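Residue numbers start at 1 and run along the sequence shown. Order of listing sets the numbers, starting from 1, for every ligand and every atom in it. Please read these numbers as outputs of a predicted model, since none were measured by experiment.
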Amino acid sequence: MINRGDASKSYSTPLVTVSGDGTLSVTNLDVYDHTVTSIALAGDGTPLFDVKVLHGTTVAIPAVDGLASGSYDFYCRFHPNMRGTLVVDRSGGGTAPEPVAFDQPLVIPSVLSGPHVRLRMREAGVRILPTGPLTRMWTFGGTWPGPTITRPAGRATSVTFVNALPKRAGSMTVHLHGDHHDPVDDGQPTQFLIPRGAARTYYYPLTYGGNPEPSSFFWYHDHRMDHTARNNWRGLQGMFLVSDAADRRLHLPTGVRDVPLMVADRSFGNHNRLANPFATAPAMVHHGGQMFFVGPSAPPNDATTGTHVLVNGRFLPHLDVTATRYRLRLLNASSASAYAFALSDGRPLIQIGTGNGLLPRPVAREQILLGPAQRADVLVDFHGEEGTAVTLRSVPRSDGSAGTGTRIAPLMEFRVNGAATDDSVLPTKLPAPELVEPPRRVSKTWTFDLTGTPATGSAWTINGRPFDPHRVDYEVPLGVTQRWRLRNTSEVTHYVHIHAGQWRTLLRDGKAPPPWERGLEDTWRLDPGEVVEVATRFTDYTGPFMIHCHMLDHEDHGMMARFDVVR
Ligand code: C2O
Ligand code: CU
Ligand code: CU
């Protein structure tokens, strides 16, 4: 049985003291793997200590032996709601936290804006860490993130992907996350693949029910069944911006003051090599025609997180800015980690949109929580900050939820230089896209959980079943508007993504959603026990679409279902 204890909520000894020449070791009695990760960083930006403690094992933390006297907060990278404090009490010096340097400039991915885009998927060296060799990645066009595609809404766009990756990568499939298009162009997990050496052209009309799509912040990424986590980890990710006329009329910051930021965590080995967490991928077993997983990294111990949190593929970068207003497009492209974005100067982030369009009005937020695949369109104002440095960081989520927490880490630095003219405007109302009139009755409930035992195999499931690409889990008639209910009955938070449409959020736990969830969405946070109701109109296309958890290991290990839109 998978133990339904609550050890994933806290350490049993959250306050630990090491005195004199004492050492520290950690025993994990839980069924979940955990880490003990220092929040304080060394000068190179890495945690002072960071060890993974597999369930049922005991591990020493040698780095603690060399720490200077002091108090060190720590947390679990897999379950950041677990936090504790280590007090080191000894005479003599030792390693102490150091300020982080933000040495590297931020890279803005190159922009492609034509109607026909061609991208070669190939292995390439990428500058991620500030010194040492480049890191080999699988890329779109030689960079990670791949080029940012920017297009006007309603203008047909075709993107040809050429699979020139190494042989072991196998076939690929590319999903334009958030966009509305035909199932043949959706990056299906097992159909319409791009075999190695071949190319495939995806067609995106950038329309919805015959009208141009709202201004959106989409992203494109691999979606291959069983290998989505690996292929994204290795670098097959890029951003895609759609702008509509209403957005362009608003006088929001543009050009160099409109900055897409893709945040993702990775770990590295010797010589800056990308770590390979998939070397210990669980084995697949079948029971009653269904797929389960066994092995040390079988569910629920399959959350891939990295030691380094990167922005646009760089570790701790900086961006020189003027003391003006900026538009930041925040994307969390991590496999499992969630972030609560906040600024070090205490100024709020003004959220004006989701990934799928503008909100009805701007919302000032102390922190913005984004799980895997979620996006936020925000304004920040550096007026009056001349000569200072403002850090964008991820802080502990402060909404009081018992769900899986957020990473605690600096992300990047804005170096505010001189003043400059700024004719951008902060509107009080926004031209938000129209929302569907929701039916009262729920047509479909999708329940997200964990099934099985470590002995017989386990899987993440939807409605009790692991993914089967040949099984149609639900059929929706074309042209109808439906209300769906999403429920999480597992012990950890999931981030659920639905293909095909752009959705209105109706209820979160029986209440009206918060102001920042009143636009269009495609990915929702579901904390343990939560219920979210959403609605969309199924229009334009028939065929298979996916609903899945966007924690990519969960998706690869069963937490995906197929629904077909039918005539
Ligand atoms: Cu971003 Cu189905 O994926
Ligand atoms: Cu943990
Ligand atoms: Cu999940």
Side-chain angles (χ1 to χ4, degrees), residues 6-12 26 28-37 51-55 74-84 173-179 183 186-189 218-225 228-229 231-232 236-240 299-305 331-338 355 371-375 403-405 407 446-450 459-462 467 486 488-500 522-528 530 544-563:
D6 61 1
S8 62
K9 309 270 184 291
S10 64
Y11 295 100
S12 59
V26 182
N28 182 352
L29 299 173
D30 198 5
V31 294
Y32 290 89
D33 298 342
H34 298 292
T35 77
V36 178
T37 304
V51 296
K52 181 170 174 177
V53 194
L54 301 180
H55 59 284
F74 59 86
Y75 76 124
C76 171
R77 273 195 280 120
F78 304 135
H79 313 94
N81 49 309
M82 294 173 58
R83 291 165 68 189
T173 183
V174 184
H175 176 57
L176 179 53
H177 181 119
D179 184 53
D186 198 38
Q188 299 284 342
F218 299 146
W219 61 301
Y220 59 99
H221 63 79
D222 172 79
H223 211 296
R224 186 78 177 92
M225 170 150 155
T228 300
N231 294 352
N232 278 263
L236 294 170
Q237 306 180 312
M239 297 179 274
F240 193 123
N301 289 309
D302 52 351
T304 303
T305 71
L331 158 65
N332 178 356
S334 304
S335 284
S337 292
Q374 292 189 304
R375 289 94 68 211
T404 308
R407 294 294 296 274
W446 303 95
T447 301
F448 296 78
D449 207 346
L450 177 67
W460 295 106
T461 56
I462 303 181
F467 180 57
L486 313 172
N488 176 5
T489 48
S490 79
E491 290 186 329
V492 295
T493 301
H494 299 281
Y495 290 87
V496 170
H497 172 47
I498 315 181
H499 290 212
D522 59 57
T523 308
W524 298 267
R525 188 189 74 256
L526 284 183
D527 284 320
E530 276 203 305
F545 292 99
M546 302 296 141
I547 171 171
H548 62 90
C549 179
H550 218 291
M551 297 168 81
L552 298 177
D553 308 282
H554 295 184
E555 172 186 338
D556 283 341
H557 298 153
M559 202 170 248
M560 180 149 70
R562 166 180 167 176
F563 63 94

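Here Phe78 and His34 keep their ring centres 6.0 angstrom or further from each other. Taking the six-membered ring for Trp, Trp219 and His177 have ring centres closer than 6.0 Å.
For the residue pair Ser490/Asp449, the side-chain donor-acceptor check at 3.5 Å is not satisfied. At a cut-off of 3.5 Å, with distance as the only test, no side-chain donor of Tyr11 or Arg83 sits close to an acceptor on the other residue. For the residue pair Asn332/Gln374, the side-chain donor-acceptor check at 3.5 Å is not satisfied.
Here the N, O or S atom of His34 that is nearest to the Cu ion (ligand 2) is ND1. Sorting the N, O or S atoms of His79 by how far they are from the Cu ion (ligand 2) puts ND1 first.
For His550, every N, O or S atom stays at 2.8 Å or more from atom 2 (Cu) of ligand 1. In summary, His223 places an N/O/S atom under 2.8 Å from atom 2 (Cu) of ligand 1, meeting the contact criterion. With 2.8 Å as the limit, His175 does not count as an N, O or S neighbour of atom 2 (Cu) of ligand 1.
Judged by distance alone, with hydrogens and angles left aside, the side-chain atoms of Asp553 form a donor-acceptor pair with the main-chain N or O of Thr304 at under 3.5 Å.
Asp33 and Arg77 are not joined by a salt bridge, as no carboxylate oxygen comes within less than 4.0 angstrom of a charged side-chain nitrogen.
Any protein N/O/S atom under 2.8 Å from the Cu ion (ligand 3) was counted, giving 3 altogether.
Each of His223, His554, His494 was checked for a side chain to side chain donor-acceptor pair (under 3.5 Å) with His548, and the lone residue meeting it is His223.
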